[in-house]
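Working notes for the structure below.
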Amino acid sequence: VQLQASGGGLVQAGGSLRLSCAASGRTFSRFALGWFRQAPGKEREFVAAINWRGDTTYYADSVKGRFTISRDNAKNTVYLQMNSLKPEDTAVYYCAARVLLAVTRANDYDCWGQGTLVTVSS
C-alpha cells in the first residue's frame, strides 16, 4: 500500500488541524494505520494508531484527550484530528501501515508516507 499524508500547516497554540493519509490499493481495510511524528533533533515517536476494523485505537500519553485517530475504509483514508495544539506538537507527521493489528513501535510498520509538517506557534 502507498500512503500520501496531507493537511499540515501553521497554526497558533490552542488551534486545530486535521491530517489525512490517503492510501492506494484495494486492501486498505486489512491494514492497521499509525501516525508518528519527528521533531527537529529528536527521534521519531508514536502518536496514535488504529486497527484494521477501526474498533481499537492507541494514543501516546502526550496527545491523549487532544488527538483523535479515525479511518474511512470507503475512502481509503485515515485521519488525525488534532485539537488544543501546543508548540511541542511541532513536527513532521508521518502515517504508516501494517497488516491488521495496530501497534506503537515504528519498526513494526511496513509502509510509510512522506510526512507533512505541522508548526504550532506560541
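These figures come from a predicted structure and were not determined experimentally. Values below: all heavy atoms of this structure, side chains included; hydrogens, waters and symmetry mates excluded.
Distance CD/Q114 to OG/S6: 8.0 Å, rounded to 0.5 Å. To the nearest 0.5 Å, atoms CG (L33) and CG (L80) are separated by 11.0 Å. Considering CZ of R71 and CG of N76, their distance stands at 9.0 Å, rounded to 0.5 Å. Put simply, CZ on F31 and CG on L101 are 12.5 Å apart, with the number rounded to the nearest 0.5 Å. Rounding to the nearest 0.5 Å gives a distance of 9.0 Å between CD of Q81 and CG of L19. Residue W35 holds its CH2 atom at 14.5 Å from CD of E45, rounded to the nearest 0.5 Å.
Minimum interatomic distance between V78 and S70 (heavy atoms only, all atoms of both residues): CG2-O, 3.1 Å. Across every non-hydrogen atom of Y58 and T104, the tightest pair is CB-CG2, 4.4 Å. A pairwise comparison of heavy atoms in G7 and L17 identifies O-CD2, 3.9 Å as the closest pair. When every heavy atom of V63 is checked against every heavy atom of V47, the shortest pair comes out as CG2-O, 3.5 Å. Contact between A23 and L3 at its shortest, heavy atoms only, is CB-CD2, 3.6 Å. The shortest non-hydrogen separation linking R98 to V103 is CD-CG2, 3.4 Å.
With hydrogens and angles ignored, the 3.5 Å screen pairs no side-chain donor or acceptor of N51 with any backbone N or O of A102. The backbone N or O of Q2 lies less than 3.5 Å from a partner atom in the side chain of S24, making a donor-acceptor pair. Although no hydrogens or angles enter the test, the distance criterion places a donor-acceptor pair under 3.5 Å between the side chain of T77 and the main chain of K75.
The shortest side-chain heavy-atom distance between V99 and W52 does not fall under the 4.5 Å cut-off. Residues Y93 and M82 are in side-chain contact: their nearest non-hydrogen atoms beyond the backbone lie under 4.5 Å apart. Here the side chains of D89 and R37 are in contact, with some heavy-atom distance below 4.5 Å. Looking at Y79 and D72, their side chains come closer than 4.5 Å, going by heavy atoms from C-beta outward. T90 is not listed as a side-chain neighbour of V118, based on a closest heavy-atom distance of 4.5 Å or more.
Partners of F36 according to the ring pair (Phe, Tyr, Trp, His ring centres under 6.0 Å) rule, which considers only residues two or more places apart in sequence or in another chain, are F46, Y109, W112.
With hydrogens and angles left out, the side-chain atoms of S16 and N83 include a donor and acceptor closer than 3.5 Å.
Tracing side-chain contacts under 4.5 Å through hydrophobic residues (I, L, V, M, F, W, Y), one reaches Y59 starting from V120; they form part of the same cluster.
K64 NZ: more than 12 foreign heavy atoms inside a 6.0 Å radius.
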